[in-house]
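In this text the structure is predicted, and so the values were computed from the model without any measurement. As a basis for the values below, the full set of heavy atoms in this structure was taken, side chains included, without hydrogen atoms, waters or symmetry mates. Order of the sequence lines fixes the chain letters, A, B, ..., with proteins taken first and strands second; residue numbering starts at 1 for each chain.
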Amino acid sequence: MPEEAGFPPAKRFRPGAGPPRRAGSCPPGRRVVMLLAAGGGGGGGGRRQQPPLAQPSASPYPEAVELQRRSLPIFQARGQLLAQLRNLDSAVLLGETGSGKTTQIPQYLYEGGIGRQAIIAVTQPRRVAAISLATRVSDEKRTELGKLVGYTVRFDDVTSEDTKIKFLTDGMLLREAISDSLLRKYSCVILDEAHERTIHTDVLFGVVKAAQKRRKELGKLPLKVIVMSATMDVDLFSQYFSGAPVLYLEGRQHPIQIFYTKQPQHDYLHAALVSVFQIHQEAPCSQDILVFLTGQEEIEAMSKTCRDIAKHLPDGCSSMLVLPLYASLPYAQQLRVFQGAPKGCRKVIISTNIAETSITITGIKYVVDTGMVKAKKYNPDSGLEVLAVQRVSKTQAWQRTGRAGREDSGVCYRLYTEDEFEKFEKMTVPEIQRCNLTSVTLQLLAMKVPDVLTFDFMSKPSPDHIQAAIAQLELLGALENKDGQLTLTPIGRKMAAFPLEPKFAKTILLSPKFHCTEEILTIISLLSVDSVLYNPPSRRDEVQAVRKKFISSEGDHITLLNIYRAFKNTGRNKDWCKENFVNSKNMMLVAEVRSQLRDICFKMSMPIASSRGDTESVRRCLAHSLFVSTAELQPDGSYATTDTRQPVAIHPSSVLFHCKPACVVYTELLFTNKCYMRDLCVVDAEWLYEAAPDFFRRKLRASRN
DNA sequence: GAGCACTGC
């Protein structure tokens with residue numbers, strides 16, 4: 001990169017109006033049923049309404065903890081909040097980051113005697129959040145974690161009979177709903193971070209609404225539902241819960257100055273580079289920069305360019321510590337973003353949207369937002385998932401901007417014009433409308449939802465979309481049609497018990513027939529976590545040499561099986577992982593997943609046999625369960641799927657990349673520049689006909705017509 | 001011929 005690129009022309013930005021309608025000011029005209037003034041000098045009246053528990057004289061806590069709780073903006077509104085929440089079945093709570101809503105509301109409810117008859121559940125989209133929030137709240141209550149306050153996430157249940165406030169992942173509550181769709185354990189469910197609209201939260205909206213209604217009809221303990229959101233788009237939540245009131249809480253966000261570009265930027269990477277060095281030249285070096293890009297490759301390239309330019313800066317310029325950040329980066333390298341830069345050195349973090357929600361870095365003064373994101377879209381017609389670089393939504397842009405104002409006032413450079421911004425989508429399309437619904441549909445059927453096609457989703461997926469999922473489940477033998485009513489077959493019910501994609505659950509359930517359950521458990525565990533293979537681009541030759549000894553000409557599944565075996569035989573050694581370019585953290589997770597899946601098999605009294613060295617039975621088992629995902633070699637040397645004749649290619653990460661097997665099953669199709677098959681296994685076409693004669697006969701006829 | 005945003009059970 002030429003040096004002149006580092007020194008930008010004079011200001012190319014123009015100031016924006018600032019965050020006009022952030023959750024920082026309640027916009028006029030919004031239907032906020034009740035306004036809770038909090039923080040500042042707002043809340044004089046609230047104090048008289050406080051129940052005695054919150055008064056210092058009655059407080060069992062040391063003064064410091066109590067003072068800290070009292071200093072939160074939300075505290076002033078405590079009395080009003082409790083008075084409201086006591087009488088409401090459902091409420092929507094709009095609270096900015098830093099308002100303290102997530103840690104305080106569950107405590108207020110408990111202290112106020114609301115929901116004490118049973119457990120108060122607080123859901124989170126992420127495990128770490130559930131764990132750290134539970135830890136903090138149990139500290140504030142001066143109780144041992146797992147007693148009054150606990151958490152439940154996959155692999156980790158820190159609760160007891162005494163637990164009254166329980167933090168859990170939204171996926172975990174959804175799983176609980178399969179065995180008890182009325183959520184009888186709970187008196188109150190708080191759905192936090194609802195604005196993120198994860199697929200699990202979206203399904204939970206429907207589940208809690210139905211449970212609330214049904215419990216009322218049955219005259220059981222009422223279920224209180226509180227939806228918490230950090231963005232202004234709460235009308236939808238309110239409407240969905242029959243016009244539930246919106247309670248508004250002010251937070252503690254610092255002002256952020258926003259600059260837009262004057263002209264649209266055709267090369268956002270170059271624009272980002274220029275902005276970084278413009279800031280670097282002008283701002284004190286103690287102020288760190290966070291840049292949002294779209295993916296690993298882009299981030300690594302940009303990091304290198306920044307380092308190269310920073311090396312050749314003129315005297316007097318401070319130095320620069322450039323840190324990439326993305327999910328597949330090894331954990332130790334991710335941690336570096338939390339360490340302070342050496343004196344006289346500026347930290348520049350170049351990140352994917354992982355820094356938007358999942359990872360919060362302190363000390364960020366400047367945010368550079370390219371306005372781009374890599375995200376998945378789903379096409380129900382073709383069943384294809386497309387991973388594409390696209391524009392962010394307005395809410396996403398505000399989320400990024402907010403990362404600049406966490407401790408102090410900040411600045412956000414938006415690498416697009418204000419007009420462009422106005423044309424961004426208002427909200428990110430909820431995940432439930434963007435991904436394959438096979439798992440969700442299976443779960444809803446396991447909860448005995450009367451009709452999945454008319455299930456009360458807050459944002460309905462298209463009927464085609466649900467129909468595609470039903471068709472997939474039918475092929476897997478999970479469904480039967482009883483008098484026009486869809487119900488699960490015994491196999492389907494068993495599939496729902498596994499925390500896996502239905503087709504993977506089916507693979508496990510079929511494995512006893514092929515006497516290879518041990519091997520299949522390993523393979524499915526490996527497929528259901530992030531790749532255990534670490535491929536640093538700079539050491540490609542080394543990686544290839546080391547990996548050679550594991551590679552099987554039978555494909556990726558058998559290769560992965562070989563790697564896991566070697567890992568196990570060395571006693572799960574971390575040094576072995578390092579030498580063999582294996583991600584040890586993911587490998588440990590594989591072992592954990594495997595033992596969970598094995599436990600579920602035990603509970604079903606499944607025989608667990610090993611095929612020992614026989615890999616053919618393993619591949620037969622894969623062929624029998626993954627037959628819908630098959631591709632065949634065409635006369636011209638390309639591949640096409642058996643199902644829809646979609647042209648596909650072998651992904652470069654596959655061990656079969658340079659091979660041309662006649663027939664393969666794959667575990668995933670991904671559309672980037674091309675349509676790629678990932679994780680391939682060489683199979684015999686005959687096995688497939690054996691597995692699903694009807695399916696392939698139909699396909700054959702279809703291709704002849 | 002050549003590549004993978006982020007979660008979660």
Side-chain angles (χ1 to χ4, degrees), chain A residues 123-130 152-157 168-179 193 196-204 292-301 325-329 351-359 370 372-377 385-390 392 396 399 428 431-432 434-435 439-440 442-443 446 495-502 504-505 525 528-531 533-535 537 540 589 592-593 596-597 600 636-639 648-654 656-660 668-679:
Chain A
T123 69
Q124 294 294 319
R126 283 167 291 279
R127 291 167 54 93
V128 273
T152 305
V153 297
R154 190 183 187 182
F155 309 127
D156 209 0
D157 181 10
L168 70 177
T169 45
D170 45 16
M172 203 70 213
L173 187 60
L174 206 52
R175 196 136 279 278
E176 287 187 9
I178 292 179
S179 42
E193 311 283 10
E196 288 190 28
R197 303 295 303 274
T198 70
I199 192 160
H200 291 147
T201 311
D202 262 36
V203 178
L204 276 177
F292 284 102
L293 298 187
T294 68
Q296 172 176 353
E297 214 180 86
E298 214 174 72
I299 287 169
E300 290 293 353
L325 180 63
Y326 45 87
S328 60
L329 196 69
S351 174
T352 60
N353 45 345
I354 194 172
E356 238 173 68
T357 48
S358 306
I359 292 182
T370 55
M372 306 304 280
V373 67
K374 200 180 277 185
K376 212 178 241 182
K377 290 185 200 163
E385 292 180 324
V386 180
L387 193 60
V389 172
Q390 49 198 308
V392 296
Q396 240 177 325
Q399 183 71 32
T428 314
E431 202 183 354
I432 199 154
R434 285 189 287 128
C435 61
S439 293
V440 162
L442 182 69
Q443 285 187 336
M495 282 163 65
F498 287 95
L500 293 171
E501 272 181 59
F504 289 155
S525 305
S528 64
V529 308
D530 285 338
S531 176
L533 308 177
Y534 176 49
N535 298 313
R540 184 176 293 202
L589 193 60
E592 225 171 344
V593 171
Q596 186 190 27
L597 298 179
I600 296 170
D636 66 354
S638 71
Y639 282 87
V648 288
I650 298 178
H651 195 277
S653 67
S654 171
L656 297 178
F657 184 54
H658 294 285
C659 312
K660 294 236 178 255
E668 192 187 17
L669 272 191
L670 192 79
F671 205 103
T672 48
N673 294 323
K674 250 195 221 172
C675 194
Y676 287 107
M677 300 178 278
R678 284 168 62 177
D679 296 319

Indicate, with a heavy-atom threshold strictly under 4.0 Å, whether [X] touches base, sugar-phosphate, or nothing.
X: A:Leu500; value: base
X: A:Arg126; value: sugar-phosphate
X: A:Leu387; value: base
X: A:Val389; value: nothing
X: A:Arg540; value: base

Side chain of [X] only, heavy atoms from C-beta on: which candidate in [options] is closest?
X: A:Glu297; options: B:dG1, B:dG3, B:dC4; value: B:dG3
X: A:Pro652; options: B:dC6, B:dA2, B:dG8; value: B:dA2
X: A:Ser358; options: B:dC6, B:dC4, B:dG3; value: B:dC6
X: A:Tyr676; options: B:dA5, B:dG3, B:dC9; value: B:dG3
X: A:Arg678; options: B:dT7, B:dA5, B:dC4; value: B:dC4
X: A:Lys674; options: B:dG3, B:dA2, B:dT7; value: B:dA2
X: A:Glu431; options: B:dT7, B:dG3, B:dC9; value: B:dT7
X: A:His651; options: B:dC4, B:dA2, B:dA5; value: B:dC4
X: A:Asn353; options: B:dG8, B:dC6, B:dG3; value: B:dC6
X: A:Asn535; options: B:dA5, B:dG3, B:dC9; value: B:dG3

Checklist entry - Do the side-chain N and O atoms of A:His651 and A:Ser653 include a donor-acceptor pair separated by under 3.5 angstrom? => result yes
Checklist entry - Without hydrogens or angle criteria, can the side chains of A:Ser328 and A:Asp530 be said to hold a donor-acceptor pair below 3.5 Å? => result no
Interatomic distance where [atom1] belongs to [X] and [atom2] belongs to [N] [whole Å]:
X: A:Glu300; N: B:dA5; atom1: CD; atom2: C1'; answer: 15 Å
X: A:Leu442; N: B:dC9; atom1: CG; atom2: P; answer: 17 Å
X: A:Leu204; N: B:dT7; atom1: CG; atom2: C1'; answer: 14 Å
X: A:Glu501; N: B:dG8; atom1: CD; atom2: P; answer: 16 Å
X: A:Glu592; N: B:dC9; atom1: CD; atom2: C1'; answer: 13 Å
X: A:Leu656; N: B:dG1; atom1: CG; atom2: C1'; answer: 15 Å
X: A:Glu385; N: B:dA5; atom1: CD; atom2: C1'; answer: 12 Å
X: A:His200; N: B:dG8; atom1: NE2; atom2: C1'; answer: 5 Å

Next on the checklist: Do A:Pro125 and A:His200 have side chains that approach each other closer than 4.5 Å (heavy atoms only, starting at C-beta)?
Outcome noted: no
Checklist entry - Quick check: are there more than 12 heavy atoms from other residues, nucleotides or ligands sitting under 6.0 Å from CD of A:Glu668? => result yes
Item to check | Note: A:Lys374-A:Glu297 ion pair, threshold 4.0 Å (strictly below) | outcome: no
Indicate whether OP1 or OP2 belonging to [N] is found under 4.0 Å from a side-chain N or O atom of [X].
X: A:Ser328; N: B:dC4; value: no
X: A:Ser528; N: B:dC9; value: no
X: A:Arg127; N: B:dC9; value: yes
X: A:Thr672; N: B:dC4; value: yes

Checklist outcome for this item: Note: A:Tyr639 and A:Ile650 closest approach over all heavy atoms is CE1-CD1, 3.8 Å
Next on the checklist: I'd like to know if A:Ser653 reaches the base of B:dC4 with its side chain, counting only an N/O donor and acceptor under 3.5 Å.
Outcome noted: yes
Checklist entry - Would you call A:Phe657 stacked on B:dG1, i.e. ring centres under 5.5 Å apart with the planes less than 30° off parallel? => result yes
Item to check | side chain to side chain contact (heavy atoms under 4.5 Å, CB included) assessment of A:Lys377 paired with A:Phe671 | outcome: CA-CA 10 Å; A:Lys377 290 185 200 163; A:Phe671 205 103; over 6 Å; no
